[in-house]
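The structure appears below as structure tokens.
It should be emphasised that the depicted structure is a prediction, and the values quoted were computed from it without experimental measurement.
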Amino acid sequence: MSDPLELRDVSRTYRTGDATLQVLRAANLTLKPGEIVALVAPSGTGKSTLLHLAGLLERPDAGAVFVDGRDSGALSDPARTAIRRDSIGFVYQFHHLLGEFTALENVVLPQMIANKRRKDAEIRARELLETLGLGARTTHLPGKLSGGEQQRVAIARALANAPRVLLADEPTGNLDVATSTVVFDALLATVRGQGVAALIATHNPDLAARMDRRVTLQDGQIVPA
């Protein structure tokens with residue numbers, strides 16, 4: 001079986017006028033099936049760029065990004081969009097739930113977009129929400145949920161299409177300490193239970209220490225933290 005995610009010698013440079021900033025320089029990273037990796041690095045070192053490249057939201061200037069063994073650089077934009085939909089889940093610091101839809105509907109929608117039958121999508125959504133401790137909150141709109149509950153719905157939504165890879169950018173960064181612990185416990189347990197490979201950016205050393213390994217960014221390279 002192919003590794004869920006591999007970044008091979010990826011480089012990314014941004015240009016503003018006459019100035020250039022090389023954020024990544026022939027960087028390499030491989031996620032093994034079921035592996036949870038913490039990305040711990042100071043702001044401004046390229047964490048967001050790395051996540052954008054891994055999630056096929058940007059293309060590298062050089063190198064290649066493989067998702068489930070497929071070289072995404074050789075694919076058209078529609079094909080890359082299909083990979084993001086089917087093989088990659090995203091969790092952000094802010095939940096970005098659709099306020100007019102219930103918790104259940106927020107998890108059903110990405111499955112419907114992927115052409116899954118509504119009945120099957122609802123079964124999957126209920127299972128995920130139940131696993132995340134939200135079985136009694138499925139009919140609530142986001143505005144009726146706490147911040148921690150909203151973020152757990154966002155995690156369920158990210159896992160709805162059974163991705164091979166989960167990318168998370170400070171998924172508990174907007175929560176208080178107690179709520180952050182509850183949400184992160186749920187995230188780790190669910191990701192491990194689903195067998196998903198995950199790359200999770202966090203500034204919290206306690207959370208990072210609970211993952212399988214830690215990496216950081218140094219001079220545009222991905223190195224052990």
Side-chain angles (χ1 to χ4, degrees), residues 1-6 31-36 51 54-57 65-70 72 75-169 171-172 182-200:
M1 181 180 292
S2 301
D3 291 322
L5 177 68
E6 181 185 2
L31 295 189
K32 299 296 183 183
E35 183 181 35
I36 302 176
L51 290 170
L56 310 189
L57 296 171
V65 179
F66 293 82
V67 179
D68 211 7
R70 299 178 67 189
S72 64
L75 301 176
S76 66
D77 286 339
R80 287 164 62 89
T81 297
I83 290 178
R84 284 198 302 271
R85 180 192 66 209
D86 298 334
S87 298
I88 303 173
F90 297 89
V91 181
Y92 301 99
Q93 181 173 349
F94 299 97
H95 54 77
H96 299 299
L97 298 177
L98 298 174
E100 65 272 30
F101 295 101
T102 66
L104 183 72
E105 290 167 340
N106 267 278
V107 184
V108 165
L109 280 172
Q111 299 178 74
M112 299 287 289
I113 292 170
N115 296 317
K116 197 168 187 177
R117 292 192 311 163
R118 184 179 182 90
K119 180 180 179 180
D120 294 333
E122 288 186 356
I123 290 172
R124 170 73 173 165
R126 290 184 190 280
E127 288 175 347
L128 284 168
L129 291 170
E130 184 71 37
T131 299
L132 287 159
L134 296 171
R137 310 288 278 170
T138 59
T139 61
H140 288 66
L141 295 173
K144 299 297 183 181
L145 301 174
S146 69
E149 288 172 335
Q150 290 173 345
Q151 195 65 330
R152 280 183 278 163
V153 174
I155 293 167
R157 179 183 59 189
L159 296 171
N161 285 327
R164 291 291 311 283
V165 179
L166 179 76
L167 303 173
D169 191 0
T172 62
V182 171
V183 170
F184 197 75
D185 286 346
L187 173 61
L188 281 187
T190 307
V191 168
R192 292 193 193 282
Q194 300 284 321
V196 180
L199 179 62
I200 302 176

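- The shortest heavy-atom contact between L187 and P171 is CD2-CG, 4.1 Å.
- The closest donor-acceptor contact from the side chain of Q111 to the backbone of K116 lies at 3.5 Å or more, if one exists at all.
- At most 12 heavy atoms of other shown residues, nucleotides or ligands fall within 6.0 angstrom of atom CZ in R70.
- Scored by the side-chain hydrogen bond (donor to acceptor under 3.5 Å, both in side chains) test, E130 finds no partners at all (sequence neighbours excluded).
- Distance NE2/H96 to CG/N106: 12.5 Å, rounded to 0.5 Å.
- Under the 4.5 Å side-chain criterion, counting only non-hydrogen atoms from C-beta, F66 is not in contact with L5.
- One finds the CD atom of E100 at 9.0 Å from the CG atom of L141 (value rounded to the nearest 0.5 Å).
- By the 30° and 60° cut-offs, the orientation of the rings of F90 relative to Y92 is parallel.
- Of the possible donor and acceptor atoms, none in the side chain of R126 sits under 3.5 Å from a partner among the backbone N and O of G135.
- In terms of the salt bridge (charged side-chain N to carboxylate O under 4.0 Å, His left out) criterion, residue partners of E122 (sequence neighbours excluded) are, by chain and number, R118.
- The side-chain hydrogen bond (donor to acceptor under 3.5 Å, both in side chains) contacts involving residues 189-199 comprise R124-Q194, R192-D212, where partners must be two or more places apart or lie in separate chains.
- For the pair A54 and L167, the tightest heavy-atom approach, listed with the atom from each and the gap, is C-CD1, 3.8 Å.
- Atom CG of L166 is separated from atom CD1 of I200 by 6.0 Å, given to the nearest 0.5 angstrom.
- Across all non-hydrogen atoms, the minimal contact from N161 to P110 is ND2-O, 3.2 Å.
- Between A197 and L31 the shortest heavy-atom distance is CB-CB, 4.1 Å.
- Tested against V107 for a side chain to side chain contact (heavy atoms under 4.5 Å, CB included), the candidates T138, T102, L129 yield a single pass: L129.
- The side-chain hydrogen bond (donor to acceptor under 3.5 Å, both in side chains) test applied to S2 returns no partner, not counting sequence neighbours.
- Closest approach of L104 and A125 over heavy atoms only: CD1-CB, 3.5 Å.
- Considering CD1 of I88 and CG of L199, their distance stands at 11.5 Å, rounded to 0.5 Å.
- Atoms NE2 and CG, on H95 and L145 in that order, are 8.5 Å from each other to the nearest 0.5 Å.
- Listed by first and then second residue, the salt bridge (Lys or Arg N to Asp or Glu O under 4.0 Å) pairs that reach into residues 139-168 are D68-R164, R137-E149, sequence neighbours excluded.
- Note that the CD1 atom of I155 and the CZ atom of F184 stand 9.5 Å from one another [nearest 0.5 Å].
- Residues A168 and L51 come closest through the heavy atom pair O-CD1, 4.1 Å.
- Proximity of S87 to P163: side-chain heavy atoms (C-beta onward) are nowhere separated by under 4.5 Å.
- Not counting sequence neighbours, D86 has no partner by the side-chain hydrogen bond (donor to acceptor under 3.5 Å, both in side chains) test.
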